[in-house]
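See structure below.
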Amino acid sequence: MVLSTWLGDLNNVHPLAIMTDQCDSIKAAINALIPNTVHRYCIWNIFAKLPTKLSGVLDGKIAKAKFKALVIDSINVVEFERRWTAYIEKYNLDGRDWFYKLYLEKEKWVHVYLNDHFWAGMLSTQRSEGMHAFFDGFITRQSTLKRFVPQYELAIRAKFEKELEAEYR
């Protein structure tokens with residue numbers, strides 16, 4: 001298993017948090033091998049599935065925009081819960097299994113449930129814009145998880161040096 005090999009390479013030092021898609025096998029591996037790690041879902045992946053999951057809904061484009069707004073703009077748990085219930089009722093989604101399962105795992109993807117954890121300013125909606133730009137020249141699609149840690153350190157160092165240089169100028 002790749003995750004257990006990676007953990008062995010890190011001398012069993014577990015990450016405090018990890019962000020993945022909703023893959024059940026990854027979820028099971030994280031629960032089994034690093035149960036104390038906060039596991040967050042990438043909301044970009046959830047948003048990408050919306051057009052399919054909202055098929056047949058009247059005003060699907062509006063429904064997609066409203067979904068994004070209810071997730072991103074809710075400022076506390078009570079508001080999210082209220083807005084979720086109204087959304088499901090308005091678009092008649094209570095019979096759709098995907099939305100039901102998504103709601104059951106809301107603590108893994110809705111930011112108001114994740115505010116107690118440090119995410120280094122990273123939003124899960126930054127999939128291609130922020131992360132690709134940050135790791136450009138350090139990580140490629142072919143990079144292994146084992147190679148990620150030293151490359152991450154190099155990327156951080158390069159960013160720090162650019163900031164110092166900009167500050168100097």
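Predicted model, so just to flag it, every value in this text is computed and none were measured. Only this structure's heavy atoms are used, side chains among them; waters, hydrogens and symmetry mates stay out.
- Hydrophobic clustering (side-chain heavy atoms under 4.5 Å, transitive across Ile, Leu, Val, Met, Phe, Trp, Tyr) groups Tyr152 together with Val149.
- Using a distance-only test at 3.5 Å, with no hydrogens or angles considered, a donor-acceptor pair links the side chain of Arg96 to the main chain of Lys53.
- In this structure, Gln151 contributes its side chain and Arg147 its backbone to no donor-acceptor pair below 3.5 Å.
- A side chain to side chain donor-acceptor pair (under 3.5 Å) with Gln22 is found for exactly one of Lys49, Lys101, Glu105, namely Lys49.
- By the rule that hydrophobic residues join a cluster once side-chain heavy atoms approach within less than 4.5 Å of another member, Tyr103 and Val57 end up as members of one cluster.
- Between Tyr87 and Trp84, the angle of the ring planes lies from 30° to 60°, which puts this pair in the tilted group.
- At distances below 3.5 Å, at least one donor-acceptor pair connects side-chain atoms of Ser55 with backbone N or O atoms of Thr52.
- For the pair Thr37 (side chain) and Ala17 (backbone), a donor-acceptor distance under 3.5 Å is absent.
- Considering every non-hydrogen atom in both His39 and Asp21, the closest pair reads NE2-O, 4.4 Å.
- For the pair Glu153 and Arg157, the salt-bridge criterion is not met [side-chain N within less than 4.0 Å of a carboxylate O].
- At least one donor-acceptor pair closer than 3.5 Å links the side chain of Trp109 to the backbone N or O of Leu102.
- Few gaps surround CG on Leu104; more than 12 heavy atoms of other groups in view lie less than 6.0 Å from it.
- In this pair, Phe67 and Phe99 present their aromatic rings perpendicular. The plane angle is above 60°, beyond the 30 to 60° band.
- A single hydrophobic cluster is seen to contain both Val77 and Leu70, as judged by linkage of ILVMFWY side chains at heavy-atom distances under 4.5 Å, directly or through other members.
- For the residue pair Pro15 and Ile34, the shortest heavy atom distance occurs at CG-CD1, 4.2 Å.
- For Thr20 against Ile26, the heavy-atom pair with the smallest separation is CG2-CG2, 3.7 Å.
- A side-chain donor-acceptor contact under 3.5 Å links His111 to the backbone of Ile72.
- Panel note: side chain Asp59, backbone Ile62; no donor-acceptor pair is recorded below 3.5 Å.
- Heavy atoms of other residues, nucleotides or ligands lying less than 6.0 angstrom from NZ of Lys106 number more than 12.
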